[in-house]
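This report concerns only the one structure given below.
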Amino acid sequence: MKKLYIKIIKFILLALFLIFALFPLYWIILTSFKPVYELYTFPIRYWTNNPSLYGYRKLFEFVNFKQYFLNSVIVSILASFVSTFFAMLSGYVLSRKEFKGKYALVLFLFFSQMIPSYLIMVPQYVMFSELKLIDKLISIIIVYSGIGAAFSAIMARGFFDRIPKSIEEAALIDGCNEFQTLFKITIPLMLPGLSAIMSFSFVNNWNELFTAVMFLNTSDKYTVPVGLYSIISKAGIQWNVLAAGIVIALLPTIFVFAIAQKYIIAGLTQGSLKD
Amino acid sequence: MRKRSFILLMILPTIILISFIIFYPTISGVLLSFKNYSLYNFGNIQWIGFENFKEIFSDIFYIDVIWNTIKWIFFSVLLQLILGFILALLMKEPFKGRGLYAGLVFYPWAVSGFAIGLIWSWLLNGQFGVVNDILMKMGIIEESINFLSDPTIALYSVILVNVWYGIPFFAIMILAALQSIPNSLYEAAEIDGAGYFTKLFKITIPYIKPTLVNTVLLRIIWVMNFPDIIYGMTRGGPAGSTEILSVKMINTVFYESNYSLAAAHGVIIVLILLIYAIMYLKLTSKKEFSI
């Protein structure tokens with residue numbers, strides 16, 4: 001009897017958490033498909049019988065959203081790939097080797113995590129404008145790679161720690177050198193970990209706003225968050241258009257998150273917080 | 001010798017990249033905070049000592065910004081922790097569809113803070129907002145609430161949204177820690193006749209305490225450095241009621257275009273974080289760093 005009672009309470013609570021999490025998503029999707037005349041009507045409508053693609057159409061006519069999306073894809077994939085690759089190399093050494101200055105290096109990585117990105121964004125801007133790289137996607141690709149590298153290296157170390165050393169030792173005895181061992185033996189075993197790290201930085205890069213706002217000035221260079229930012233700055237923008245933009249902006253991260261969720265969670269918990 | 005060159009080859013790219021992207025700008029950011037570099041002053045950039053800091057500390061509203069920041073951190077992290085903990089406890093025992101449930105209930109974590117801010121500013125809109133409509137239909141309120149335009153409650157509205165965003169993170173961390181508790185502990189306690197709450201407070205919480213401590217302490221840094229949600233909702237308004245330190249700094253860059261003053265704000269934030277981090281290291285006193 002008591003068991004059933006607990007089950008029902010648990011079920012209700014789980015349902016409440018789910019509704020709390022999902023309702024905003026439902027509402028923004030609904031809004032994105034609402035025709036203009038239903039946006040500001042009373043009573044508020046929780047469903048629409050006249051779904052309209054107006055919001056989405058306007059989004060691609062009014063602003064160059066296709067270009068923003070493409071820019072974001074390029075930036076996020078390249079930056080997360082670069083930072084993951086660098087992190088893989090340094091994470092491996094941090095996990096496997098003992099050397100002078102290792103403690104300082106870990107400290108270095110740790111403290112670079114603490115520096116808020118908006119403190120350094122102005123000096124970065126000055127630096128990149130001296131290099132004549134402002135308003136070019138390459139500038140934020142480099143910035144995102146650097147910011148992602150520290151976190152990713154720490155995560156990568158945790159993943160490498162979980163791969164038994166004995167496998168590598170066997171390969172070394174068989175005559176592989178260290179590079180061969182790393183690329184032929186260890187990295188294939190690390191693929192789940194690396195995909196977790198890469199998708200984690202992809203999500204971060206995809207969502208980054210402030211550096212991109214500062215660095216990208218012309219509309220055809222905007223990333224998706226900058227595009228959304230510019231939409232709300234324009235007067236008279238309608239909520240169904242903005243909602244459509246948000247829905248499209250959400251798709252890649254939710255997709256990546258859904259696929260990599262298992263790895264991300266494993267990476268965050270076992271790879272990072274070691275007690 | 002070969003060993004050393006291997007190590008160098010592996011770690012140098014990361015060190016160079018991070019030095020170039022984070023450390024060099026940090027140093028020039030600190031230097032910038034002692035200059036008078038702003039959009040209106042390109043030709044005449046000079047060393048002005050502590051003027052920017054004096055300006056910040058003589059601003060009578062600065063104390064409000066600090067106070068907002070403290071409230072923002074305290075309530076956000078506390079509620080994220082409590083609700084995340086409850087969610088993790090609910091998800092601890094396997095049930096049918098738990099994987100799918102996790103994917104759905106954890107998704108807010110993958111959404112950009114700025115987009116979250118936009119979504120919720122629409123949900124909480126005083127005139128057309130659905131939250132008001134639901135609360136009125138349920139009979140909880142009689143008149144619609146101006147969640148974001150009323151300075152007395154705007155901060156709590158943005159905190160609510162930050163809680164929504166942060167629950168998954170805590171739930172994920174705590175859930176993983178819960179999975180590592182050996183079942184034998186509970187079995188032994190059950191033989192001794194322990195009830196649910198006895199087990200919770202005598203076994204579960206002590207066992208996962210390191211995770212709780214780590215997660216909370218690191219989360220505080222992130223929440224302090226997280227202007228995105230507020231930026232999407234209010235940009236610090238109305239009347240500065242949702243302005244926290246990081247938002248104040250962003251506004252100094254984007255609206256006032258006073259880059260040196262903004263850098264000074266940033267330096268203060270970093271100093272606070274540094275003191276905090278030292279306390280954190282003392283508290284956890286471990287040589288193995290993690291994030």
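Protein chains get the first letters and strands the later ones, always in sequence-line order, with residue 1 at the start of each. It should be emphasised that the depicted structure is a prediction, and the values quoted were computed from it without experimental measurement.
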_A:W206 (side chain) donor-acceptor with A:A249 (main chain) under 3.5 angstrom_ = yes

*Given the rule in the side chain to side chain contact (heavy atoms under 4.5 Å, CB included) test, do A:V122 and A:M214 qualify, once you have shown the distances and angles that lead to the verdict?*
CA-CA 8 Å; A:V122 172; A:M214 185 128 197; 4.1 Å; yes

*Side chain, backbone, both or neither: which part of A:I142 has a non-hydrogen atom closer than 4.5 Å to chain B?*
both

_Proximal component of B:V130, with respect to chain A [non-hydrogen, under 4.5 Å]_ = both

*Checking B:I22 against chain A: side chain, backbone, both or neither under 4.5 Å from a heavy atom?*
both

*Go through the atoms of B:L273 and report whether side chain, backbone, both or neither lie under 4.5 Å from a heavy atom of chain A.*
both

*With only heavy atoms counted, which part of A:I246 is less than 4.5 Å from chain B, the side chain, the backbone, both or neither?*
side chain

_Under 4.5 Å from any heavy atom of chain A, what part of B:I269 do you find: side chain, backbone, both or neither?_
side chain

_Charged N-O contact under 4.0 Å between A:E178 and A:K97_ = yes

*What part of A:L22 gets closer than 4.5 Å to chain B, counting heavy atoms only: side chain, backbone, both or neither?*
both

*Part of B:I167 lying under 4.5 Å from any heavy atom of chain A*: side chain

*Using non-hydrogen atoms only, which part of A:F11 is less than 4.5 Å away from chain B: side chain, backbone, both, or neither?*
neither

_Portion of A:P225 that has a non-hydrogen atom of chain B nearer than 4.5 angstrom_ = backbone

*Best-contacting candidate, B:Y37, B:Y231, B:F128, against chain A by heavy atom pairs under 4.5 angstrom*: B:F128

*Top contributor to chain A interface from B:V267, B:L274, B:D228, B:L17 [non-hydrogen pairs under 4.5 Å]*: B:L17

*Exam field: side chain A:N207 to backbone B:A110, donor-acceptor pair closer than 3.5 Å*: yes

_B:P13 portion near chain A, given a 4.5 angstrom heavy-atom threshold_ = both

*Side chain, backbone, both or neither: which part of A:L105 has an atom under 4.5 Å from a heavy atom of chain B?*
side chain

*Residue B:S33 versus chain A: region with a heavy atom under 4.5 Å*: neither

*Centres of the A:F108 and B:F23 rings: under 6.0 Å?*
yes

*What part of B:L104 lies closer than 4.5 angstrom to a heavy atom of chain A: side chain, backbone, both or neither?*
both

*Among B:V105, B:I11, B:L90, single out the residue with the greatest number of heavy-atom pairs under 4.5 Å to chain A.*
B:L90

*Contact origin within A:K10 toward chain B - heavy atom pairs under 4.5 Å*: both

_Heavy-atom contact with chain A under 4.5 Å, split by part of B:L123_ = side chain

*asked:* Need one label for B:Y276: side chain, backbone, both or neither, based on atoms under 4.5 Å from any heavy atom in chain A.
replied: neither

*asked:* For B:L245, which atoms come within 4.5 Å of any heavy atom of chain A: side chain, backbone, both, or neither?
replied: neither

*Would you mind telling me which of B:L12, B:V270, B:L83 has the largest number of heavy-atom pairs within less than 4.5 Å of chain A?*
B:L83

*Would you check if the distance from the ring center of B:F6 to the ring center of A:F179 is below 6.0 Å?*
yes

*Which bit of A:L242 comes within less than 4.5 Å of chain B, counting heavy atoms only: side chain, backbone, both or neither?*
side chain

*If you measure only the distance, is there a donor-acceptor pair under 3.5 Å linking the side chains of B:N258 and B:T252?*
no

_Just so I understand: if I count every heavy-atom pair under 4.5 Å between each of B:M224, B:M249, B:K137, B:H265 and chain A, which residue has the most?_
B:M249

*Return the option, out of B:L32, B:V111, B:V131, B:L87, with the maximum number of heavy-atom pairs under 4.5 Å with chain A.*
B:L87

*Measure A:V224 against the heavy atoms of chain B and call it side chain, backbone, both or neither at under 4.5 Å.*
neither

_With a 4.5 angstrom heavy-atom cut-off, is it the side chain or the backbone of A:Y92 that approaches chain B, or both, or neither?_
side chain

*asked:* One pair to check against side chain to side chain donor-acceptor pair (under 3.5 Å): B:S246 and B:N225. What are the steps and the verdict?
replied: CA-CA 6 Å; B:S246 52; B:N225 275 340; 5.9 Å; no

_Has A:Q238 got a side-chain atom pairing as donor or acceptor with A:G55's backbone, closer than 3.5 angstrom?_
no

*What part of A:M121 gets closer than 4.5 Å to chain B, counting heavy atoms only: side chain, backbone, both or neither?*
side chain

_Interface moiety of A:S152 toward chain B, non-hydrogen atoms closer than 4.5 Å_ = neither

*Segment of B:Y196 engaging chain A (4.5 angstrom heavy-atom cut-off)*: neither

*Check whether A:Y125 gets within reach of chain B through its side chain, its backbone, both or neither, counting any heavy atom under 4.5 Å.*
neither

*Measure distances from A:F99 to the heavy atoms of chain B and classify the residue's part below 4.5 Å as side chain, backbone, both or neither.*
side chain

*For B:S180, is it the side chain, the backbone, both or neither that has a heavy atom under 4.5 Å from a heavy atom of chain A?*
neither

_Main-chain N/O of A:A150 paired to A:S112 side chain as donor or acceptor, under 3.5 Å_ = no

*Using non-hydrogen atoms and a 4.5 Å limit, figure out which bit of B:Y24 sits close to chain A: side chain, backbone, both or neither.*
side chain

